[in-house]
Amino acid sequence: MYRNFRIVPNIIFGRGSFNQLDDVLKDRRVGADSYMVFVVDDVFTGKGLEGRIPLRGKDLLLWVNVDDEPKTKYIDELVARIRAYSPVTPAGIIGIGGGSAMDIAKAVSLMLNNPGSSADYQGWDLIQNPAVYHVAVPTLSGTGAEISRTCILTGPEKKLGINSDYTLFDQILLDPELLAGVPKNQWFYTGMDCFIHDVESLHGTFINEFSKAYGEKSRDLCRQVFIEDSPEKDDKLMMASYFGGMSIAYSQVGACHALSYGLSFVLGIHHGIGCCIAFDQLEDIYPEGVREFRQMMEKHDIPLPRNLTKDLDSASLEKMVTTALGLVPLWENCLGPDWANIMTRDRAMELYRRM
Ligand code: NAD
Ligand code: ZN
């Protein structure tokens, strides 16, 4: 069976295109009670971007905090706040920020039309009703969250996305000007998330010409951004993120992402930096990718935290290993059907001990 997957139907790309957001939303504003909810990363409080948000009428500006990556409990609270604000379902949700704010916007738009807690829907195709119309405006590039069919949430029991065709954005607006102001280390870590998506997709056993076409272009753009220091680097990274997301949509990520989930679940380490920490230990599996990654890290003088697992008890280490090895499709993609004999618990444990 071949997958029949949806993609984002409407895309705007270009410097200054944020100014067109008001126009894009216009057609969706029908009726006197209609309103939009802008889900915005609170890093922009008091910044220039705040004044440019096209708020009209009864629109709600919902600042969201992403110091911790999105949790199901937080999503449920935000949905309750929107319901308390108005008995009318909003006409649209507009997520403005990095992967975290975009994932929050996706989850909120799904949960406004589906009963219960967001934790009930962590998994594959559990969502019954279409989401509220939702739009992404990335301000940080690399995760591919703008194009993916998932929104990753940490729940009481697991860190797992709400994967569904309804999760996909209806519209994305890619304005490279919005990347200005991202702190350098964050820019690098999230950018490497994209580079690692490419390497894991291209290096995997699930690879096909569709994923290769996007993955090779994305990796090439990452090289222009992080090695060649292209003057158009913000534009290029924005497209690299999109293409990286498209590449894994029809293949899969691999060992690095699997291991990073363990770091995140047990130590709360954020996605981009967690991927960098894990990738640095994977030269046996991805020799060329890791070599380039180190070259990029050196060029930009990026620090990587070390000895994170030094003081961990064995129960926590075991939990990390269990989390990572539970992601079966990632290992199958990386190492093939015989993966469990290659990436044994002992080998995974040894990798974590080195991080
Ligand atoms: P992020 O959204 O967590 O943001 C990281 C930091 O950068 C935050 O402090 C944020 O406030 C700040 N920031 C964002 N834009 C800024 C700007 N323009 N200027 C200054 N500061 C800015 O980081 P991320 O790496 O983009 O996203 C990570 C999240 O994405 C994780 O929760 C991860 O699980 C998720 N993710 C989702 C997918 C998906 O397909 N849905 C894929 C990969 C990762
Ligand atoms: Zn990733």
Side-chain angles (χ1 to χ4, degrees), residues 8 18 39-50 63-72 74-75 95-107 110 122 134 136-155 158-164 167-169 172 175-201 218 234 237-238 240-242 244-249 252-261 263-265 268-279 327 330:
V8 171
F18 186 74
V39 170
V40 188
D41 187 325
D42 66 7
V43 76
F44 294 109
T45 318
K47 301 276 166 58
L49 189 67
E50 179 180 354
W63 292 111
V64 291
N65 184 271
V66 301
D67 291 347
D68 289 330
E69 293 191 338
K71 295 192 167 58
T72 53
Y74 190 44
I75 300 302
I96 305 177
S100 298
M102 287 191 275
D103 276 2
I104 292 172
K106 285 172 162 177
L110 287 165
Q122 287 179 278
H134 51 306
V137 182
T139 65
L140 177 57
S141 280
T143 65
E146 63 277 19
I147 188 73
S148 74
R149 75 191 290 278
T150 188
C151 50
I152 302 171
L153 303 176
T154 304
K158 55 199 168 199
K159 181 179 177 192
L160 184 62
I162 303 182
N163 296 266
S164 82
T167 310
L168 280 155
F169 284 108
I172 57 181
D175 182 347
E177 279 181 0
L178 303 182
L179 302 190
V182 178
K184 187 177 93 172
N185 289 354
Q186 186 65 59
W187 165 79
F188 185 85
Y189 298 138
T190 301
M192 285 304 108
D193 186 18
C194 173
F195 180 69
I196 295 166
H197 290 162
D198 304 334
V199 171
E200 296 200 295
S201 172
S218 177
D234 290 344
L237 188 56
M238 217 161 224
S241 174
Y242 175 96
M246 287 296 287
S247 180
I248 49 176
Q252 188 45 276
V253 285
C256 177
H257 272 73
L259 293 167
S260 85
Y261 270 64
L263 289 175
S264 164
F265 194 64
I269 293 174
H270 288 205
H271 185 80
I273 192 170
C275 284
C276 290
I277 293 163
F279 201 54
L327 295 158
L330 282 64

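Below, each value reflects all heavy atoms present in this structure, side chains not excepted, and no hydrogens, waters or symmetry copies. Atoms within each ligand, like the ligands themselves, are counted from 1 in listed order. These numbers come from a predicted model, not from an experiment.
Nearest heavy-atom pair across Met246 and Ile147 is SD-CG1, 3.5 Å. Contact record, Gly98 with Leu140: CA-CB, 3.8 Å, taken as the closest heavy-atom pair. Nearest heavy-atom pair across Ser260 and Ala278 is N-CB, 4.3 Å. Among all heavy-atom pairs drawn from Asp103 and Ala145, the shortest one is OD1-CB, 3.7 Å.
When side chains are defined from C-beta on, Ile104 counts as touching Val66, because their heavy atoms get closer than 4.5 Å.
Taking the Zn ion (ligand 2) as reference, Asp193 places its N/O/S atom OD1 nearest. In His197, the N, O or S atom that comes nearest to the Zn ion (ligand 2) is NE2.
Sequence neighbours left out, the pairs with a member in residues 188-198 that pass side chain to side chain donor-acceptor pair (under 3.5 Å) are Gln186-Thr190, Asp193-His197, Asp193-His257, Asp193-His271, His197-His257, Asp198-Ser218.
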| request: Please lay out, stage by stage, how Thr167 and Leu110 fare under the test side-chain contact (heavy atoms from CB on, under 4.5 Å). | output: CA-CA 7 Å; Thr167 310; Leu110 287 165; 3.6 Å; yes
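Of the angles at the Zn ion (ligand 2), the one spanning NE2 of His257 and NE2 of His271 is 100° when given to 10°.
Contact shell of ligand 1 (protein heavy atoms, cutoff 4.0 Å): Asp41, Val43, Phe44, Val66, Glu69, Pro70, Gly98, Gly99, Ser100, Asp103, Lys106, Thr139, Leu140, Thr143, Ala145, Ser148, Thr150, Ile152, Leu178, Gly181, Val182, Pro183, Gln186, Thr190, Asp193, His271.
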